[in-house]
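Below is one structure; the comments refer to it alone.
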Amino acid sequence: MTNRRRTASAARRLTAAAYVAGVYGLGAVVWHWVRGKSWGDSLAFASTLTVSVLVSAWLSAAVRRRAGRGDG
């Protein structure tokens, strides 16, 4: 892999991480203000969403990799 591709890949990962942190961080703030929950509950909510999304993406990628030509 060339340096250019590695840099672009790292930039995409950093952008995605910033997006996820922003969206779910905003979700934690809304959970805190609207629902009136503590900050601990709000951050637990945001981390649960983040882990759920990441694990489901990882699982779907693993299933796609293992699927054979005639599967599906």
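Under a 4.5 Å side-chain heavy-atom criterion applied to ILVMFWY residues, the cluster that includes Val63 comprises that residue alone.
For the pair Val20/Val53, no side-chain contact is recorded, criterion being any heavy-atom separation below 4.5 Å from C-beta on.
Residue pairs meeting the side-chain hydrogen bond (donor to acceptor under 3.5 Å, both in side chains) criterion with at least one partner in residues 53-63, sequence neighbours excluded, are Ser60-Arg64. Under the side-chain hydrogen bond (donor to acceptor under 3.5 Å, both in side chains) criterion, the residue pairs touching residues 22-32 are His32-Trp39, with sequence neighbours excluded.
Leu49 and Leu43 fall into different hydrophobic clusters, where Ile, Leu, Val, Met, Phe, Trp and Tyr are joined by side-chain heavy atoms under 4.5 Å apart, directly or via other members.
Between Ala28 and Ala46 the shortest heavy-atom distance is CB-CB, 3.9 Å.
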